[in-house]
Structures are given as C-alpha cells and as structure tokens.
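FYI, the numbering just counts along the sequence from 1.
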Amino acid sequence: MASFLEDPRIEVRSRVAEINRVQFDEQETAEREKAAQAYGREDEAHFVSFLDDCVKTSVEAMAKIRLNQQECWDVFNEEEPPSYRLKESWQSRVVVPKPYSSCQFAQAVVRKAFDAEFLSIENEQDDEAAHFWQKLMSLMLSRTYSNFPINFTDATGMSFAVGQSMEMIPTYRPGKGLRYILTEPWKIHRDPDSISRQPQSGMYWVHQEYLDYYLLKDGEKNGLYQNVPDMGPGGSYGNSKSNPNLTKEEIARRREMMWNRSRYRAMALTSEFWGTVLDKRGELLLPNATFTVTGDKVIRLPKVSPYPTLRWPGVGFSALPHLLRFDGRALIQGIKSLWYFMNNLFCLHADNLNWIVNPTWELDVSALVDQADVDLYPGKGYLTRGTVSGQQAYRVGERRSQTGDILANMNFADQRFQEGVMMNKETMGLPGYRAEVTKGEAVQNLEQSMTVVGLIGRNLEDGALNAIQAGAETVVINITYAELAMLMGREVADKYVDRESPTGLRLPQLNSGSFKVSGISALMKDMEIIRGIRDVMLPMFKGEFGNIFAPYFKPYQLIRSVEKRLNLRDEGIVVDETTAKRVDQAQQVQQEAAIQTQQAAAAAAAALAEMKTVAEEAKAEMNRAKAEEHRGKGILAQAKAVEVMSPEPEPQGSAQ
C-alpha cells in the first residue's frame, strides 16, 4: 500500500503564519527594535546574509515564472521571434501586430472604468469619519496628486502583458501629497509561500533596485542612511587596487552590484527588506520590520514598520490570478506559440509571393547570337539561333499561388488567438468574419464575451482596493496639521489635532470602515441599466398602454439615471433640482387634470353608451310587440281564410 507523507511545506507555512500572528505591545516592540539595531551594529553580516538568502530563495522559486514573464514581455512588445535569427537575408521577417493591440484594448477598458467616481467609503459607526476619508482620498487620488486612475491603468497593463502587475508603492512627499511609484514585478522578491490575491501575505518582501550613488550619499548626509560603501566612479568597492586581498570571485560579485551608466554616473544595487526578521538560530527578532542593504553594508538599521496594519508598502495584483501562487496568468500567455505560427505563416506566404512575382528563370546562352547579353528587364529582346532540340532559349520557373489556403489558415489562427486572449471581435468592436450576422446574435455574442471581462474587473477592483488602502495608510503616517488644514480647512484639521503624535494629527482608524471600489463591474452594470431603460422602460411610454404607465414614471429620475450612467454630469444637459421640482409639479398638475378629463370623458362615454343600450332595448321591445301584433293579425287572417274555404252543410230531408 502506498504511504502518503505529509508535505513539509505545510509545516513551514503554519510556522510562518504563527510568526505573523505574533502581537507585541508598544513597550516590547520598542525593546525588540532597540535590540535588533544593536544586533545590526555588532553583526551586520547576519542581516546582509539573511536578506541575500531571502532573495536567493525567491529567485530560485520564481525562475520558471520569470522566464515565462520575459517571453510574454517580448511577445507583448512584438519582438521578432527567436527563429527569425536563422533567416536568410532574402526571407521575409513579418510580425503580426496582435498581442500589443489586444492588451491595449483591455487596458483601455480599465481606464474607461476608472474615469468616473470609483471609490466609496462607508462606516456605519462613524459617518463623519467615512465622509472625511471619502473627501480626503478622493483628493489624494485625483490627477492633482497621485493620479490614481492612470497609474493603476499602467500597472494593470503589465498584468495583461506578463501576468503580474507593476508593484504600486505609495509615497508621500511633503507639500505634494500622495504619489505612487510603479516598479517592475521582477524587481520585487516575495516569499514563495505568498498566497494568491493577498499582497500582504508571506514572510518577506524585498524591493531591489539600482540607485544613483549620489542619492545614497545625499541620504547619508541627511541622516536617512549610514555606512554607505564607496561605490562611486573609481571607488574602492570592487576595486582590486584598493584592497589586494580581494579574490577574483569577490571582485566579480561586487562588480555585479555596481552599474556605471555613464562615465560620471554610478548606480549601486540597493535592497530594501520588509517583513519578519529572524536571528541565526531562526528565532524571531522583529515580526514587522524593515532595513536596507547596499553592497555588503547595512545602510539603514532594522526598525519597526511605521504602517498601522501594512507589513510592507508595495501592492501587486493580477487580472487573472493563479489559484495556488501569488503570481498570475497573462492574457497572451496561452497564445505565444500561436502568435509565432501566425508570423511564420505570413512570412511563408510573403516568400511564396516573392517567388511568384520574381520567379526563377534559365537562359540557354548557346542559343543566343550575343552570348554575353544575359541582362533581364521588361521588354527585353534576344537574338537567338535555332537549337538542336527546338526548345526556347529562355524559360521561367512557374509557381502556383496559395493565397486562398493562407488566408483561411490565418483567419482560423486569428479566431483561436481571440479565444486565447479572451478579447474577441465582439468585445473589441470588430466586424468579424461572417458576412451576415443578425442583430440579436450580435447582442448575445457581446453579452457572453463580456462575462470574462466582468471576472477580470472584479480581480482588478480587489487590486485597486489594496493599493488605495496602502495609500491611505501612507497618508496617515505622513500628513501634517498644516497640510490637512491647507487641503480641507482648519475646522477639519482642528478635529483631529494630537500634540503627542509625530505628525500633530490622529486621524480616524481605517479598520472601522469599509472601502469599496467600483470599476469595470460598475461600468458593465451601468451599461445593463442603460439597456434596460432603452429596451424595457422607454417602450412602455409608447403604444396603446402609454397613457396607463406614464403616471407611474418619474421622468426626471430617469434622465438623471441616464446622465449618471453615461457620465454626462459635466456637460450641464440636465436641469437642477429646483427647476426639476417645479417642472415635476407642473407636469403632475397637468397629468392630474388630464387624468380627470380622461376620467370624465370616460364616464360620459359610459353614460352615453348606457343610454344607447336602454334605447336599443326599448326599441327592441317595441319591435317585439309589433311582431306579436303582426303575428296575431296573421293568425286571425288565417282563421278567416279557413272559415271561407270550408263547405256549407246539406239540409236534412223529410221521411217518406
């Protein structure tokens, strides 16, 4: 009998979850932070080694995923397939423009969905706090500050292309408000045990980037960093002359951490760690901490995460998340080989056309009068002699065109392409391949094709919600009293003054309310409402039943609904509430008068009909009486006739 062994990863994940659930009070957290910083000063090599081990674990676990993302990125950018490198110079190198346009259309849907009001905040326990956060975050997410819709659209575009979005890292700049930094997903190293759809899951999150050396030195001058190694142009780090004891392997390793973009501009590989920090024995030092490493130096000592609930600031998501891992699937992941096939098929067709337009030819120079005259151009003539076999001196190698077969194969491949990217011709508004398609069939196909768009929309709304909540916590720990007063007025800022807080404010707790994001799903719902108004409600105003249903409709509310769904509020098409109420009252009076008139007319018509009925009944009764009279006269006349026609009786004779 086969024995089933317990997966060791289950125990590891349970241990990580247990560590993440550890809660310390403020005093113990401060003591642990102080001890961790002292540990970092005494043995910074442990923190460097711990970070390198986390990055190595993530890189090894994500190796295949990164290769797939790189291939998807090349396909998205419509780079030439690798097989094109082996082509001859005369062969075609056609690239079919399909992946980029498919992802761009999906990205355009996201941009349209987040163009209107998409954020709503509710708090049943504290409506004032909900109103405050609604107003503040609507301002922070606007184009004046973070410009969230366009940044989220760009982040989503990466998800459509490679399966994982750009990492959205919120930052707060004094005087400029909330901003989002978009970072490529391959610059983020997550714990391989991170759970799908949960960007804050896992043990650690490492952001690795090449930063300008002058920025690091400037941060050291301002007290943000310390112990920055000399990694500038001509510096000692990685230079064998400055340290002759360095081995060749160590020199190569250090040079990998440096990038000289130009002669005077050097960049150093900097790693920012967020998450759970363990000691050499694997025991907990800090549950939610952060530190920074450049080269083999800890340039920012471990400290507790400043966020109230976030373990790290970065937020990533996927339009099509994986069921078991945190990463996701790209729209073009399943059609990579199909796209290569379409390119090669088009190239073969172009090459075949090249042979047809420019066919091979042969010339028997022995049959020419001038055997050196072998040039070929339109209208060229040759002087020839008769050959022994009687064949012509010039012959062309004919080829048959395969255009019909090629077009059929390309159309078939294109249909499979649309199915693979889940953005078919109906969704993209293309005419399609069939010449005749009924209106009902087109509507049904469009509705069916939008179901997967609705699923993608829900996934993206979750990602947007996480990014907005991360931005809100970034605002909480950074915004000052003066900035809040400038944004929302001193009356609002005075409500949340706290002199003991580092920012001078204590804003309402975020965990006491609920954030809701309505993007693509709201857009699809709006379109459904518009179709319902167009196909169901408006026809009820027409026809013989129009007068019956009209009194039960509110025209102004109907117009407002259309204005809201079509995002026409800025156009000023619909009147204001006061005018609408006045128009409604006038229309109501007119409707009531019309109804009364209609009811009076109906009553008069009913009375007239009743009078006609009584008159008809009296006339019918009179006709029946006349009929009876005529019938009696007929009976009397018939009796008289019988009497006249009957013979007289003979007189009786006397007896003889």
Side-chain angles (χ1 to χ4, degrees), residues 16 19-55 167 169-174 181 188-191 199-200 202-209 211 215-229 268-280 282-315 470-471 473-480 500-506:
V16 171
I19 293 174
N20 294 335
R21 287 194 297 267
V22 174
Q23 298 291 336
F24 299 115
D25 56 20
E26 294 183 0
Q27 180 179 358
E28 185 174 359
T29 300
E31 293 176 354
R32 283 181 171 270
E33 181 179 3
K34 185 176 181 181
Q37 291 182 354
Y39 190 7
R41 294 187 185 95
E42 295 175 0
D43 188 9
E44 67 174 345
H46 165 68
F47 291 90
V48 175
S49 176
F50 179 72
L51 186 144
D52 290 342
D53 183 70
C54 292
V55 172
E167 198 77 8
I169 304 176
T171 60
Y172 192 91
R173 300 177 182 177
I181 298 175
I188 304 298
H189 303 284
R190 294 180 182 272
D191 185 357
Q200 297 292 316
M203 180 179 172
Y204 58 86
W205 178 91
V206 179
H207 178 200
Q208 206 167 57
E209 192 98 35
L211 297 182
L215 291 177
L216 297 176
K217 296 300 291 184
D218 188 64
E220 184 180 27
K221 180 180 178 181
N222 296 328
L224 181 62
Y225 302 125
Q226 64 181 14
N227 198 25
V228 176
L269 183 63
T270 304
S271 302
E272 187 180 28
F273 178 93
W274 293 78
T276 303
V277 182
L278 307 178
D279 61 10
K280 291 184 177 180
E283 296 182 358
L284 179 65
L285 280 178
L286 281 173
N288 294 320
T290 177
F291 63 91
T292 306
V293 173
T294 296
D296 54 358
K297 299 292 183 180
V298 177
I299 65 173
R300 187 168 61 178
L301 293 173
K303 66 176 183 179
V304 177
S305 172
Y307 295 96
T309 61
L310 295 179
R311 304 186 62 213
W312 43 77
V315 173
E473 292 204 12
T474 303
V475 172
V476 167
I477 64 176
N478 288 281
I479 192 170
T480 62
E500 299 180 357
S501 174
T503 60
L505 295 172
R506 185 171 297 276

Student: Supply the atom-to-atom distance Ile181 CD1 to Thr171 OG1, rounded to the nearest 0.5 angstrom.
Tutor: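 Taking CD1 in Ile181 and OG1 in Thr171, the distance rounds to 4.0 Å.
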
Student: Which heavy atom of Gly314 sits nearest to which heavy atom of Trp205, and what is that distance?
Tutor: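 That closest heavy-atom pairing would be CA-CZ2, 3.6 Å.
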
Student: Measure the OG1-NE2 distance between Thr290 and His207 for me, rounded to the nearest 0.5 Å.
Tutor: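 If I round to the nearest 0.5 Å, the distance is 12.0 Å.
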
Student: Side-chain contact, heavy-atom cut-off 4.5 Å: Glu167 with Arg190?
Tutor: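 Yes. Closest side-chain heavy atoms under 4.5 Å.
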
Student: Working to the nearest 0.5 angstrom, can you tell me the gap between Ile188 CD1 and Glu272 CD?
Tutor: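 So the gap between those two atoms works out to 9.0 Å.
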
Student: Looking at Ala470 and Pro313, what are the two nearest heavy atoms and their distance?
Tutor: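 Smallest interatomic distance, heavy atoms only, reads CB-O, 3.9 Å.
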
Student: What are the two closest heavy atoms between Glu33 and Pro302, and how far apart are they?
Tutor: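 Heavy atoms only, the tightest pair is CG-O, 4.1 Å.
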
Student: So, using ring pair (Phe, Tyr, Trp, His ring centres under 6.0 Å) as the criterion, who are the partners of Tyr204 when residues are at least two apart?
Tutor: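 By the ring pair (Phe, Tyr, Trp, His ring centres under 6.0 Å) rule, Tyr204 matches no residue at all.
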
Student: Just how far is it from atom CD1 of Ile299 to atom CG of Leu224, taken to the nearest 0.5 Å?
Tutor: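 Going from the CD1 atom of Ile299 to the CG atom of Leu224 covers 8.0 Å.
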
Student: Could you walk me through whether Thr480 and Leu505 satisfy the side chain to side chain contact (heavy atoms under 4.5 Å, CB included) test, starting with their C-alpha distance in whole Å, then the side-chain angles of each, then the deciding distance to 0.1 Å, before giving a yes or no?
Tutor: CA-CA 7 Å; Thr480 62; Leu505 295 172; 5.6 Å; no

Student: Assess whether side chain to side chain contact (heavy atoms under 4.5 Å, CB included) is satisfied between Tyr172 and Ile479, documenting all intermediate values.
Tutor: CA-CA 8 Å; Tyr172 192 91; Ile479 192 170; 3.5 Å; yes

Student: Please report the closest heavy-atom contact between Ala268 and Leu216, naming both atoms and the distance.
Tutor: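 In this case the closest contact between Ala268 and Leu216 is CB-CD1, 3.9 Å.
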
Student: Identify whether the distance between the nearest side-chain nitrogen and carboxylate oxygen of Arg300 and Glu220 falls below 4.0 Å.
Tutor: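 No.
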
Student: May I have the step-by-step check of side chain to side chain contact (heavy atoms under 4.5 Å, CB included) for Thr276 and Leu284, ending in yes or no?
Tutor: CA-CA 8 Å; Thr276 303; Leu284 179 65; 3.5 Å; yes

Student: OH/Tyr307 to CD1/Ile477 distance, rounded to the nearest 0.5 angstrom?
Tutor: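 Going from the OH atom of Tyr307 to the CD1 atom of Ile477 covers 4.5 Å.
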
Student: For Gln208, is there any backbone N or O sitting under 3.5 Å from a side-chain donor or acceptor partner on Ser271?
Tutor: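 Absent.
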
Student: What closest approach, in Å, do Pro287 and Arg311 show between heavy atoms, and which atom pair accounts for it?
Tutor: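 Pro287 and Arg311 have their closest heavy atoms at O-NH2, 3.8 Å.
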
Student: When rounded to the nearest 0.5 angstrom, what distance separates CG in Leu285 from CG in Asp279?
Tutor: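 The CG atom of Leu285 sits 5.0 Å away from the CG atom of Asp279.
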
Student: Scan side-chain atoms only and decide if Glu209 and Thr270 contain a donor-acceptor pair under the 3.5 Å cut-off.
Tutor: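 Their side chains do not contain a donor-acceptor pair, so the 3.5 Å distance test is not met.
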
Student: I would like to know whether Lys280 and Tyr39 meet side chain to side chain contact (heavy atoms under 4.5 Å, CB included); could you show each step before the answer?
Tutor: CA-CA 11 Å; Lys280 291 184 177 180; Tyr39 190 7; 3.5 Å; yes

Student: Using a 3.5 Å cut-off and no angle test, enumerate the donor-acceptor pairs between side-chain atoms of residues 45-52 and protein atoms at least two apart in sequence or in another chain.
Tutor:
from	atom 1	to	atom 2	distance (Å)
His46	NE2	Leu278	O	2.8

Student: Quick one: does any side-chain atom of Gln200 pair with a main-chain N or O of Trp312 as donor and acceptor, under 3.5 Å?
Tutor: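 Present.
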
Student: Does the side chain of Asp218 reach to within under 4.5 Å of the side chain of Tyr225, using non-hydrogen atoms?
Tutor: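 Answer no - side chains too far apart.
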
Student: Would you name the heavy atoms of Glu44 and Val298 that are closest together and state the gap between them?
Tutor: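 That closest heavy-atom pairing would be OE1-N, 3.1 Å.
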
Student: Is a side-chain N or O of Asp191 found less than 3.5 angstrom from the main chain of Gly202, in a donor-acceptor match?
Tutor: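 Here the side-chain-to-backbone pair does not exist.
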
